[in-house]
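Since we're looking at a predicted model, the values are computed, not measured.
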Amino acid sequence: MQIAIDARDLANVTTGVGRYLLNLLQHFPGLRPEFVFTLYSDRPISVPQRAATLRTRILTGHPWLWKQVLMPIEQKRAHMDLFFVPSYSTPVCNPAHTVVTIHDMIYTRHPQWTTRLERWRFATIVRYSARFASRIIAVSEATRKDILALTGVSPRKVKVIYEGVDPIFRELPAPELSAAGARLGLALPFVLYVGSLHHRRNVRRLLQAFAHLKQAERIPHRLVLCGLNLFEHHELEQWVAELQLAEHVKYFGYVPDEDLVALYNLAELFVYPSMYEGFGLPVLEAMACGTPVITGNSSSLPEVAGDAALLVDPHDTLALSRAMASLIREASLRQELRERGQAHCRKFSWRTAAAETLDLFAEAATQPSCAPIS
């Protein structure tokens, strides 16, 4: 089977979609050697491995023209059987069967956190793509429910395929931790947050809860924030100053994987109080590193965390502060969550995700036509 893949996100594998596709591609050739994958991009990309069944091709053009015109023409020319789009939207008219991954429905479910252009894009192109696609991948049951509620597609065409945990996220031996702590210049103990700094990620309430915890418990901990700062007008700095946390908060920005693994390992606990997630991969990454987790009790997070984390109402600042206090005070609770987390995260494998995705490709390609399931 000839499979075309929109691989433009591989040009920046620090993004969520880029990492998602990269992890799948690491397993595709070995799982289905009879499939031939052609990765299409508008610029040079890095591929995880060179294999006879993994090819690359560059098409240049405006992003809209690239997806809506150039890719359909190319698929017809190359006699492609299926087009895989790892993020949200397919061509409006495509000659081959299509499989698209929809990671969340934030633009429709929570429009207050999006731009007018993003809302328009979801209301038109993404909804139409969902109806046109042969099959849709949802990364969680929560996302699947949102897709069904907000696009009106048949439940039969939407399949949940969970993401996995990269093996790089693991417990590190003591000598490596000591060296990493010195390299990063971090004093212990600290509470860790990882993820882009965005309003839906609830960073302001996290800061408020941490400030309350510092005042009520007199803890020596610092709060370490890692991720791209998407706030405007120095909002983060203002909040830190207003809460008198300047000496107690350290912001790293984006960090490479090597440092991220060390930060997870060094942290006494990991807090991810997001109000909405399509999946919530940092929760599993922390668990894989042996770090006890506190996360929100909404959207996909209870599904991903299972019984291996403390779940709190992300809108309840006091509950978040109390959860952190409990984990800091109770070593036995930290150990219990550490053990549960490491067992739980082993249920999420990129190899399994890749195998299920390939099975879905084969299923989609057997449809008698490219028409959507009614």
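Counting non-hydrogen atoms of other residues, nucleotides and ligands closer than 6.0 Å to CZ of Arg329 gives a total above 12. Counting heavy atoms of neighbouring residues, nucleotides and ligands inside a 6.0 Å radius, atom CZ of Arg43 does not exceed 12 of them. Within a 6.0 Å radius of CZ in Arg334, more than 12 heavy atoms belonging to other residues, nucleotides or ligands are found. Summarising the local packing, CD of Glu330 is surrounded by more than 12 heavy atoms from other residues, nucleotides or ligands at distances under 6.0 Å. Heavy atoms from other residues, nucleotides or ligands lying under 6.0 Å from CD of Gln215 number 12 at most. No more than 12 heavy atoms of other residues, nucleotides or ligands sit less than 6.0 Å from atom CD of Glu247. Enclosure of atom CD in Glu258 is not indicated, since only 12 or fewer non-hydrogen atoms of other residues, nucleotides or ligands lie within 6.0 angstrom.
With hydrogens and angles ignored, the 3.5 Å screen pairs no side-chain donor or acceptor of Asn23 with any backbone N or O of Trp350. Side-chain atoms of Lys250 do not come within 3.5 Å of backbone N or O of Cys226 as any donor-acceptor pair. Side chain of Arg127 to backbone of Leu150: a donor-acceptor contact under 3.5 angstrom is found. Checking side-chain atoms of Asp81 against main-chain N and O of Gln2 turns up a donor-acceptor pair under 3.5 Å. Here the side chain of Arg144 pairs no donor or acceptor atom with the backbone of Ala138 at under 3.5 angstrom. Between the side chain of Lys157 and the main chain of Ala130, a donor-acceptor pair closer than 3.5 Å is present. Of the possible polar contacts, none joining the Ser134 side chain to the Val99 backbone as a donor-acceptor pair under 3.5 Å is found. No side-chain donor-acceptor contact under 3.5 Å links Ser300 to the backbone of Ala142.
Using a cutoff of 4.0 Å between basic side-chain nitrogens and carboxylate oxygens, Asp359 and Arg32 are scored as salt-bridged. Between Glu74 and Arg57 there is a salt bridge, since at least one side-chain N of the basic residue sits less than 4.0 Å from a carboxylate O of the acidic one.
The hydrophobic cluster containing Ile328 also contains Leu188, counting ILVMFWY residues as joined when their side-chain heavy atoms lie under 4.5 angstrom apart, directly or transitively. Cluster membership check: Leu311 does not share its hydrophobic cluster with Val271, using side-chain heavy-atom separations under 4.5 Å among Ile, Leu, Val, Met, Phe, Trp and Tyr. Linking ILVMFWY residues whenever their side-chain heavy atoms come closer than 4.5 Å, directly or via other members, leaves Phe84 and Ile58 in distinct clusters.
The closest side-chain heavy-atom distance from Pro72 to Phe83 is not below 4.5 Å. Taking the side chain as every heavy atom from C-beta outward, His103 and Thr143 never approach each other to under 4.5 Å. Put simply, the side chain of Leu260 reaches to within 4.5 Å of the side chain of Phe169, judged on heavy atoms. A 4.5 Å side-chain heavy-atom check between Leu207 and Val249 finds at least one atom pair inside the cut-off. Between Glu268 and Phe190 there is no side-chain heavy-atom pair separated by less than 4.5 Å.
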Checklist entry - Do Phe210 and His248 pass the ring pair (Phe, Tyr, Trp, His ring centres under 6.0 Å) test, and can you show the C-alpha distance, the side-chain angles, and the key distance before you say yes or no? => result CA-CA 9 Å; Phe210 187 73; His248 308 292; 7.5 Å; no
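Using a 3.5 Å distance cut-off with no hydrogens or angles, the side chains of Arg338 and Gln335 do pair a donor with an acceptor. Judged by distance alone, the side chains of Gln75 and Tyr40 never bring a donor and an acceptor atom under 3.5 Å apart.
In this pair, Phe28 and Phe37 present their aromatic rings parallel. The plane angle is below 30°, not in the 30 to 60° band. Tyr272 and Tyr193 have parallel rings, their planes meeting at less than 30° on a 0 to 90° scale where 60° marks the start of perpendicular.
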